[in-house]
Amino acid sequence: MNSRRLDRIKYIGQRVIDRTKDSYFNFTHAHLIRNMVTVSELDLVKREPCDKGLILIAFYPTGGFGDYIISSKLLDELLLSVPCRIDVYCENMLFGQAVYGARPGVQVLPYDSMYGNRMMYDLILWVEHFIHVLSWNAYRAAKICPEFADKIRILGKSIKNIRPEIEQQWFREAMHFRRCQLLGINRWTELRHGSVFQIPDQYSYIDLKTQCLSRIRELNLLDCRYITINRGSDGMGRTTVQTKVWPKEHYERLVSLFKKKYRAIKVIQLGTANNVRISGADGYMLGESMEVTKWVLRGSMLHIDCEGGLVHLAAQLAVTCIVLFGPTPAHMYAYPANINLVSHKCSNCMGTHPDWAFSCYKGFKDPECMYSLTADHVMSHIENFMNEKGRQREKEITQIDIQIDSENQKHFDLLEIYKKCRSKNQQLTISKKYKRLYTKVLEQTENSISPMKVAVVDASRDFIGWYLAELGLSVTEFDQSYGYSGKKGDISFNKFTKCCIDHGMDMRLGDEYNLPYASESFDFVVQLAGSKADRTDQREVRRILKNCGILITFHSSGMCINGTCSR
């Protein structure tokens with residue numbers, strides 16, 4: 001064989017080897033290639049000149065709708081306490097927009113684009129049952145916010161002690177949940193990672209779009225008494241129903257029992273368009289938008305479901321649920337305000353075997369944990385709930401509705417007070433139209449004997465909450481945006497909230513339709529004029545007030561005391 005032919009064979013052989021390597025790489029890295037192709041079709045996120053003094057964070061939550069809600073609590077803690085801009089990358093954009101979309105300065109982007117944008121961020125967090133730091137620029141983070149950089153460093157170390165070193169995800173989570181049970185940790189507080197983050201409670205802001213109220217009127221549910229039911233769960237890519245779902249025949253018997261007892265109360269079924277209808281229900285809202293579903297849930301007297309996304313949503317809207325627990329551990333996912341039912345025969349097998357979500361570990365075709373929770377048993381708890389609700393008396397609340405043109409009854413040097421406050425926080429504001437309101441607030445608080453717990457609703461950057469905190473009161477402020485301008489790179493709002501947090505105040509996203517806080521928590525609520533400003537809906541401000549609490553609201557005309565208005 002001459003050398004020329006031998007060289008030709010070597011050349012062809014090397015081409016075959018190279019092509020084989022290319023094919024192997026394409027096969028093993030298909031997800032990366034898919035991401036690169038997808039990214040080329042998307043607008044890449046770019047650093048702007050206005051991003052110079054802030055930390056850019058990519059936030060990647062995983063799981064279902066309920067997991068998105070839980071992760072939003074961590075996102076809010078970052079958003080309101082760190083000078084940052086946050087982009088949320090979601091595998092389910094519908095869920096992502098419903099949970100994160102209304103938060104100030106937050107972008108919701110498809111997960112596929114995160115790969116192409118990853119180099120732009122100072123910090124990338126992947127949030128599941130644990131918080132993973134995928135990458136971070138320690139130097140830049142420390143330069144902008146040293147205390148936050150310390151937190152991320154501790155977070156990176158903490159995962160070694162918190163996350164069990166078990167390869168299989170299902171088994172790892174089962175061991176983690178057992179550890180959480182021993183430590184008294186739930187699905188929300190596990191995200192503290194020891195003491196790295198606060199996560200003080202199980203309440204997070206859910207935006208309610210008022211334009212969806214027209215659909216509620218069309219459904220005749222606005223002034224209607226009804227309960228809601230849901231039979232469904234995340235299919236995890238399968239067509240079969242998860243074992244945690246209560247049997248259809250149990251639902252149908254329950255609806256029959258309920259309608260015999262409470263004829264005047266409607267039963268509305270919620271869920272996706274693919275959910276099987278429960279016979280006997282008065283209405284079916286299957287396949288409605290998530291935004292409409294929020295309003296329907298908010299108006300429900302009681303929601304009945306297995307552990308899942310709608311239960312987590314209802315909990316944020318202060319709606320009591322009857323939750324039927326099967327494989328899912330109640331110690332992780334139960335809300336104290338709900339009626340949580342667990343079978344005495346069997347429960348809490350989550351993570352005991354790879355297919356725990358779809359097949360019974362004992363081999364039963366009809367999982368004992370769910371089938372043993374009978375409709376009669378659930379009905380008895382509904383009756384107890386209804387009886388208790390009927391015995392509840394309306395709270396006695398002193399309501400003072402401030403008129404814009406009212407005269408001051410007592411003199412306070414408001415401008416001098418404001419100047420002293422502003423010397424410590426340059427972003428505080430004062431409004432002439434609230435002059436009468438400020439005076440009334442100070443009258444009510446100046447002689448308080450014990451420390452009062454005060455909420456300021458639609459606070460924006462008003463100085464009154466800051467001043468009350470200086471007086472020694474425990475102050476929580478709720479606002480939808482804290483003055484966010486809507487312009488990209490505007491972080492003056494989270495610089496403001498960080499300053500208030502450092503001042504000892506509790507800052508939360510919220511508005512008059514959703515105040516993420518436990519019921520009957522505050523002695524005193526001040527409601528300024530918010531962006532939605534619907535003074536006919538006082539459900540939330542009254543809910544968070546204690547019995548015999550004081551509610552001071554701003555109104556364009558008229559004054560109400562103890563609910564009696566003068567015009």
Side-chain angles (χ1 to χ4, degrees), residues 395-425 427-479 482-483 496 500 503-508 510-512 515 517 520-530 533 535 538 540-566:
K395 286 189 287 190
E396 295 180 9
I397 292 173
T398 300
Q399 179 171 333
I400 305 170
D401 196 346
I402 301 301
Q403 185 176 355
I404 192 169
D405 54 359
S406 295
E407 293 294 328
N408 286 336
Q409 295 177 351
K410 187 172 181 178
H411 174 73
F412 286 95
D413 194 342
L414 296 172
L415 193 58
E416 186 63 27
I417 292 172
Y418 168 65
K419 286 179 179 178
K420 288 180 180 179
C421 293
R422 200 170 189 275
S423 67
K424 301 173 185 177
N425 184 347
Q427 297 191 70
L428 290 171
T429 61
I430 187 170
S431 174
K432 289 182 180 179
K433 68 180 180 180
Y434 294 148
K435 186 177 180 182
R436 173 78 176 104
L437 181 141
Y438 297 144
T439 300
K440 183 59 67 174
V441 170
L442 296 180
E443 284 177 4
Q444 295 289 337
T445 57
E446 67 172 345
N447 296 319
S448 59
I449 299 172
S450 59
M452 294 178 69
K453 194 169 183 181
V454 180
V456 183
V457 180
D458 299 323
S460 190
R461 301 183 193 177
D462 195 274
F463 85 99
I464 194 64
W466 179 281
Y467 182 62
L468 293 177
E470 279 202 342
L471 294 179
L473 280 67
S474 174
V475 177
T476 299
E477 289 199 344
F478 299 92
D479 196 77
Y482 290 103
F496 170 77
C500 291
H503 189 57
M505 300 164 66
D506 183 5
M507 310 298 285
R508 300 193 179 213
D511 56 38
E512 54 262 49
L515 300 174
Y517 216 93
E520 301 187 15
S521 293
F522 296 97
D523 304 290
F524 189 8
V525 173
V526 181
Q527 186 174 21
L528 306 180
R535 288 296 174 263
Q538 290 192 336
E540 283 293 274
V541 290
R542 288 176 166 269
R543 178 185 65 79
I544 64 173
L545 261 172
K546 295 177 182 177
N547 190 39
C548 298
I550 299 172
L551 170 61
I552 296 183
T553 65
F554 177 80
H555 202 280
S556 59
S557 64
M559 183 171 177
C560 302
I561 300 179
N562 293 324
T564 304
C565 299
S566 61

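In this structure, the separation between CD on Gln527 and CD1 on Ile402 is 12.5 Å, given to the nearest 0.5 Å. Taken to the nearest 0.5 Å, the NZ atom of Lys453 stands 8.5 Å off from the CG atom of Asp523. In this structure, the separation between CG on Leu437 and CG on Asp401 is 9.5 Å, given to the nearest 0.5 Å. To the nearest 0.5 Å, atom CG of residue Leu468 and atom OG1 of residue Thr476 are 11.5 Å apart. For the atom pair CE of Met505 and CG of Leu473, the computed distance is 11.0 Å after rounding to the nearest 0.5 Å. Within the model, atoms OH of Tyr482 and CZ of Arg508 stand 9.5 Å from one another, a figure rounded to the nearest 0.5 Å.
Among residues two or more places apart in sequence or in another chain, the salt bridge (Lys or Arg N to Asp or Glu O under 4.0 Å) test is passed with Glu540 by Arg543. Evaluation of the side-chain hydrogen bond (donor to acceptor under 3.5 Å, both in side chains) rule for Lys424 yields Glu470 as partners, not counting sequence neighbours. By the side-chain hydrogen bond (donor to acceptor under 3.5 Å, both in side chains) test, Asp462 pairs with Tyr438, sequence neighbours left out.
Considering every non-hydrogen atom in both Thr553 and Gln399, the closest pair reads OG1-NE2, 4.2 Å. Shortest non-hydrogen contact noted between Ser460 and Glu477 is O-OE1, 4.4 Å. Heavy-atom minimum distance, Ile417 versus Leu442: CD1-CD1, 4.0 Å. For Arg461 against Gly483, the heavy-atom pair with the smallest separation is NH2-O, 3.3 Å. Contact detail for Met507 and Cys500: the closest heavy-atom pair is SD-CB, 3.5 Å. In terms of heavy atoms, Asp458 sits closest to Leu528 at OD2-O, 3.5 Å.
Between Tyr517 and Phe478, the ring planes lie perpendicular to each other; the angle is over 60°, past the 30° to 60° tilted range.
Salt-bridge check for Lys419 with Glu416: failed, with every basic side-chain N at 4.0 Å or more from each acidic carboxylate O.
At least one side-chain heavy atom of Ile400 sits under 4.5 Å from a side-chain heavy atom of Lys440. Contact check for Ile552 versus Phe524: side-chain heavy atoms found under the 4.5 Å cut-off. Counting only heavy atoms from C-beta outward, the side chains of Trp466 and His503 approach each other to under 4.5 Å. Looking only at side-chain heavy atoms (C-beta outward), Val526 and Phe554 stay at 4.5 Å or farther from each other.
Among the candidates Phe463, Tyr467, Tyr434, the single residue satisfying the ring pair (Phe, Tyr, Trp, His ring centres under 6.0 Å) test with Tyr418 is Phe463.
With hydrogens and angles ignored, the 3.5 Å screen pairs a side-chain donor or acceptor of Asn547 with a backbone N or O of Glu396.
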Does Met452 form a side chain to side chain contact (heavy atoms under 4.5 Å, CB included) with Gln444? I'd like the steps, not just the answer.
CA-CA 11 Å; Met452 294 178 69; Gln444 295 289 337; over 6 Å; no

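The 12-atom threshold is exceeded at NZ of Lys395, counting heavy atoms of other residues, nucleotides or ligands nearer than 6.0 Å.
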